[in-house]
*Asks:* 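Have a look at this one before I ask anything.
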Amino acid sequence: MLDTVEGQYGDLLLPEETGFLEAYRRLGFDAQCLYVRLISRVGPWFRELRLHYPELGAITPAVDDLLQAGLAEQAAGLSVEDLGGLCSVAELSTLYATRAADKASLLQQISQVESSETGALDTLIAADCARVIAPAKTDVVNLLQLLFFGNRRQGLTDFVLSDLGVARYYPYALDRGQRLFPRRETLEAYLDCAACEDQWHVLLEQGDEKGIRELAVAMSCTAIRDPAVQHRWDRLYNRVARQLERMGESQLALTLYSLSQRHPARERSARLFEKVGAHSQAEQLCETIEAQPWCEDERDASRRILPRVRRKLYGGSTSRRRDQFDQFVLSLPHSDVRVERQVAQKLSGDWQQVRYVENQLMTALFGLAFWEQIFAPVPGAFNNPYQSVPADMYEQDFAANRRELLDSRLAELSTLSLDVELPNRWRSYQGFQCRWVNWRVISEELVTNAAAVIPREHLLAIWQRILFDPRENRRGFPDLLALGSRPGDYQMIEVKGPGDTLQDSQKRWLRFFREQGIPAAVAHVQWSDD
DNA sequence: ACCGGTCACACACAG
DNA sequence: AACCATAGAG
DNA sequence: CTGTGTGTGACCCTCTATGGT
Ligand SMILES: [Mn+2]
Ligand SMILES: [Mn+2]
């Protein structure tokens, strides 16, 4: 990891960071291993006496090595809480010759005895005849990890899971010359946003409303953001503003939403305008939205809000035509089994098979059909070898960034036999991590059957719509897929129990299916026993 | 980004 | 003794 | 009746040693 980061980002490392690289490389092998062990554990403090790593030989020289290199530090004091983390109840009882009902009260007693943090530490060191240490420079390691992975979620465990084969990643071409952080300033901008996110999480967890307001004000003061991290800020704006809404801080929420260029900022703003009685502003914003919606979900929301607002402004009534979908009603008894399963069971006599697949099947077929395009080496798409999807998978320009690739693949798919091609793809890629394919659920048999029965034109239409907006259109598929034995003999069925209604994403797919002549229906369940 | 985000769904409430 | 949560491991 | 908001549960390597209650 260090070599990769140095190669890719060596020029924008600070002296402390290059210093870390040198110091680590100068360590003996055992000390290097120990350092990795320590930073992988909770800590921060460790009793040297309790470090058992048979593969490392003696611990003491390794610790000496780390201390000398400045990659570990000795404790100068220990809070009673930290002491409790390092010692079991039995050990504490012996150390302080006391007993107590539970660990908490034992520590309570100890805090009476120990007047200072050095006291607790000295007691422990005297008993252990060994040091208490913590790994140092962990913040530098975090930074290097960020540079390696391009995100803050992944870390050393991803190496292990990959080595073990628990997670296998498709060997896509990775261009380390393409940098997520071209300059130090980009990195710093990312870290600024990250710090703000952390602060937000803390405040939210503490329910600190005053702190949240202050954070919001601070966020709204810096309006100029590095474009490379703008969408990160937008996500944070939306989250904080949503919380401000709940706190009744409409104005502050509106300010943050106005800085965000990410759904649902405008939808929420329109709702807020309506709520505070600024109907003409709500109207204006809805008109803006409908002139150029950021996504279909936003457009749908606006179409609900705008007529309502206009009614309030100008009176009158506008009748909205309701969606009409193919539907039927089923009577079922109450049961522990999910309604979807019950309906599948009930319908199974009419079909070859009825599968409860929800979003999983169509997304999987999409993933299999466009695997090579998804994993194509588009600049910036892959920052590390452990990704299950390109970085821009859910961005608006995913398809635009791969236009030619996708077009030629679409042309291929319109001539290939899909009931051969899709199972072939399944076998080629089986087990490789891909966000579109849940291998646990999608069997080769299911892919084969689906591809044999669902007409090519239907699949192509569905895939085109997914490509149009991969973020939104990967959800909302009906619960059930009923397959017959002949091409074209199938139906998708959305099950609705009593009190459940179609969601916007579900309506959008159902409307699309209706337009395309794709067989789909809604099964309304009523309880037969009440 | 510190077990969170995403999805489907049940339920409550307002008009 | 039975049970549960957690950390650490590959 | 519709449109909303809110809260719940399931799902994301898996096994085991340890320690606490
Ligand atoms: Mn469902
Ligand atoms: Mn359903």
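Chain letters run A, B, ... following the sequence lines, proteins first, then strands; residues in each count from 1.
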*Asks:* With sugar-phosphate meaning primed atoms plus P, OP1 and OP2, does A:Gln503 contact a base, only sugar-phosphate, or nothing at under 4.0 Å between heavy atoms?
*Replies:* base
*Asks:* With respect to the phosphate group of D:dT4, does any side-chain polar atom (N or O) of A:Arg308 fall under 4.0 Å of OP1 or OP2?
*Replies:* yes
*Asks:* Give the nucleotide from the list B:dC9, D:dT21, D:dT4 with an atom nearest to the side chain of A:Lys103.
*Replies:*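 Given the options B:dC9, D:dT21, D:dT4, the side chain of A:Lys103 is closest to D:dT21.
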*Asks:* Using whole Å, what does the distance between atom C1' of nucleotide D:dG20 and atom CG of A:Leu106 come to?
*Replies:*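 Interatomic distance, CG of A:Leu106 to C1' of D:dG20: 12 Å.
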*Asks:* Rounded to the nearest Å, what distance is computed from the CG atom of residue A:Leu502 to the P atom of nucleotide B:dA8?
*Replies:* 12 Å
*Asks:* Determine the contact category for A:Asp163: base if any of its heavy atoms lies under 4.0 Å from a base atom, sugar-phosphate if only primed atoms, P, OP1 or OP2 are that close, otherwise nothing.
*Replies:*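 Here A:Asp163 touches no strand at all.
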*Asks:* How long is the line joining CZ of A:Arg41 and C1' of B:dC2, in whole Å?
*Replies:*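 After rounding, the gap between these two atoms is 18 Å.
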*Asks:* For D:dT4, take OP1 and OP2 only and decide whether either is under 4.0 Å from a side-chain N or O of A:Arg271.
*Replies:* yes
*Asks:* Answer yes when A:Arg50 and A:Asp128 have at least one side-chain N-carboxylate O distance shorter than 4.0 Å, and no when they do not.
*Replies:*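 Looking at A:Asp128 together with A:Arg50, the answer is no, because their closest N to O distance does not fall below 4.0 Å.
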*Asks:* OP1 or OP2 of D:dC12 versus the side-chain N and O atoms of A:Arg440: is any pair under 4.0 Å?
*Replies:*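 For D:dC12, OP1 or OP2 has a side-chain N or O of A:Arg440 closer than 4.0 Å.
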*Asks:* Nearest whole angstrom, please: distance from the P of D:dG20 to the CG of A:Leu107.
*Replies:*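 Whole-Å distance recorded here is 10 Å.
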*Asks:* How is A:Lys275 classified with respect to the nucleic acid when contacts are heavy atoms under 4.0 Å: base, sugar-phosphate, or nothing?
*Replies:* nothing
*Asks:* Any donor-acceptor pair under 3.5 Å linking the side chain of A:Gln506 with the backbone of A:Gln503?
*Replies:* yes
*Asks:* Counting any heavy atom closer than 4.0 Å, what does A:Arg242 reach on the DNA or RNA strands: base, sugar-phosphate only, or nothing?
*Replies:*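 Since only primed, P, OP1 and OP2 atoms lie under 4.0 Å of A:Arg242, the category is sugar-phosphate.
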*Asks:* Looking at A:Arg37, does any N or O in its side chain come under 4.0 Å of the phosphate oxygens OP1/OP2 on C:dG8?
*Replies:* no
*Asks:* May I ask you to say what A:Asn359 touches in the nucleic acid, namely base, sugar-phosphate or nothing, with a heavy-atom cut-off under 4.0 Å?
*Replies:*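 Since only primed, P, OP1 and OP2 atoms lie under 4.0 Å of A:Asn359, the category is sugar-phosphate.
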*Asks:* Taking B:dC3 as the reference, what is the distance to C:dA7 when you measure between their C1' atoms (whole Å, please)?
*Replies:* 15 Å
*Asks:* Select one nucleotide: of D:dT6, C:dA9, B:dC2, the one nearest the side-chain heavy atoms of A:His201.
*Replies:*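 So the side chain of A:His201 is nearest to B:dC2.
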*Asks:* Would you indicate which nucleotide in B:dC7, B:dA8, D:dT4 comes nearest to any side-chain atom of A:Glu358?
*Replies:*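 Of the candidates, B:dA8 comes closest.
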*Asks:* Going by the salt bridge (Lys or Arg N to Asp or Glu O under 4.0 Å) test, name the single residue among A:Arg311, A:Arg310, A:Arg308, A:Lys312 that passes it with A:Glu283.
*Replies:* A:Arg310
*Asks:* Under 4.0 Å between any heavy atoms, over every strand shown, what does A:Val160 touch: base, sugar-phosphate, or nothing? Just pick one.
*Replies:* base
*Asks:* Using atom CH2 of A:Trp436 as one end and atom C1' of B:dT6 as the other, report the distance to the nearest whole Å.
*Replies:*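 A:Trp436 atom CH2 is separated from B:dT6 atom C1' by 14 Å.
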*Asks:* With nearest nucleotides of DNA chain D determined for A:Gln433 and A:Ala104 from heavy-atom distances, which residue corresponds to the more 5′ nucleotide?
*Replies:*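 Upstream on the strand: A:Gln433.
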*Asks:* Could you state the CG-C1' distance from A:Asp500 to D:dT8, rounded to the nearest angstrom?
*Replies:*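 From A:Asp500 CG to D:dT8 C1': 14 Å.
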*Asks:* Quick one: which of D:dC13, B:dA8, B:dA1 gets closest to the side chain of A:Arg152?
*Replies:* B:dA1
*Asks:* Are A:Phe370 and A:Phe366, when compared by the centres of their aromatic rings, separated by less than 6.0 Å?
*Replies:* yes
*Asks:* Closer to the 5' end of DNA chain D via nearest nucleotide, is it A:Leu164 or A:Ala90?
*Replies:*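 Closer to the 5' end of DNA chain D: A:Leu164.
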*Asks:* Please check if any side-chain donor atom of A:Gln230 sits under 3.5 Å from a side-chain acceptor atom of A:Asp234, or the reverse.
*Replies:* yes
*Asks:* Reckon A:Arg239 touches a base, only the sugar-phosphate, or nothing at all at heavy-atom distances under 4.0 Å?
*Replies:* sugar-phosphate
*Asks:* Using atom CG of A:Leu146 as one end and atom P of B:dA1 as the other, report the distance to the nearest whole Å.
*Replies:* 11 Å
*Asks:* Check the angle between the aromatic planes of A:Phe159 and A:Phe148 and answer parallel, tilted or perpendicular using the 30° and 60° thresholds.
*Replies:* perpendicular
*Asks:* Heavy atoms only, 4.0 Å cut-off, all strands: where does A:Arg435 land among base, sugar-phosphate and nothing?
*Replies:* nothing
*Asks:* Which is true for A:Gly476 with a 4.0 Å heavy-atom rule: it touches a base, it touches only sugar-phosphate, or it touches nothing?
*Replies:* sugar-phosphate
*Asks:* Which listed nucleotide (D:dC13, D:dT4, B:dC9) is nearest to the side chain of A:Val166?
*Replies:*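 It is D:dC13.
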*Asks:* If you look at every strand shown and take non-hydrogen atoms under 4.0 Å, does A:Gln154 touch a base, only sugar-phosphate, or nothing?
*Replies:* nothing
*Asks:* Using distance alone, with no hydrogens and no angle criterion, decide if A:Asn359 and A:Arg475 have a side-chain donor and acceptor under 3.5 Å apart.
*Replies:*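 There is no such pair (donor and acceptor under 3.5 Å, judged by atom type) between the side chains of A:Asn359 and A:Arg475.
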*Asks:* For nucleotides D:dA10 and C:dA5, find the distance between their P atoms and express it as a whole number of Å.
*Replies:* 15 Å
*Asks:* Is any side-chain N or O of A:Arg474 closer than 4.0 Å to OP1 or OP2 of B:dT6?
*Replies:* no
*Asks:* Report which part of the nucleic acid A:Arg235 touches: base, sugar-phosphate, or nothing (heavy-atom distance under 4.0 Å, all strands).
*Replies:* nothing
*Asks:* Please classify the nucleic acid contact of A:Arg168 as base, sugar-phosphate, or nothing, using heavy-atom distances under 4.0 Å.
*Replies:*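 Touches nothing.
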*Asks:* Using a 4.0 Å heavy-atom cut-off, does A:Arg50 contact any base of the nucleic acid, only the sugar-phosphate backbone, or nothing at all?
*Replies:*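 Answer is nothing: A:Arg50 stays at 4.0 Å or more from every strand.
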*Asks:* Please state the C1' separation for the pair C:dC4 and B:dG4 - nearest whole angstrom.
*Replies:*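 The same atom, C1', in both gives a distance of 23 Å.
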*Asks:* So, is A:Arg268 close to the D:dG5 phosphate, meaning a side-chain N or O under 4.0 Å from OP1 or OP2?
*Replies:*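 Looking at the OP1 and OP2 atoms of D:dG5, one of them is under 4.0 Å from a side-chain N or O of A:Arg268.
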*Asks:* Please determine, for the side chain of A:Val89, which listed nucleotide (D:dT14, B:dC9, D:dG20) has the closest atom?
*Replies:*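 The answer is D:dG20.
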*Asks:* Would you indicate which nucleotide in B:dC9, D:dT6, C:dG8 comes nearest to any side-chain atom of A:Glu340?
*Replies:*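 Shortest atom-to-atom distance from the side chain points to B:dC9.
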*Asks:* Classify the nucleic acid contact of A:Tyr53 as base, sugar-phosphate or nothing, counting any heavy atom under 4.0 Å across all strands shown.
*Replies:* sugar-phosphate
*Asks:* Can you tell me the distance, in whole Å, between the CD atom of A:Glu494 and the C1' atom of B:dC9?
*Replies:*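 Checked: the CD to C1' distance equals 10 Å.
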*Asks:* Would you say A:Glu494's side chain and A:Asp479's backbone share a donor-acceptor pair under 3.5 angstrom?
*Replies:* yes
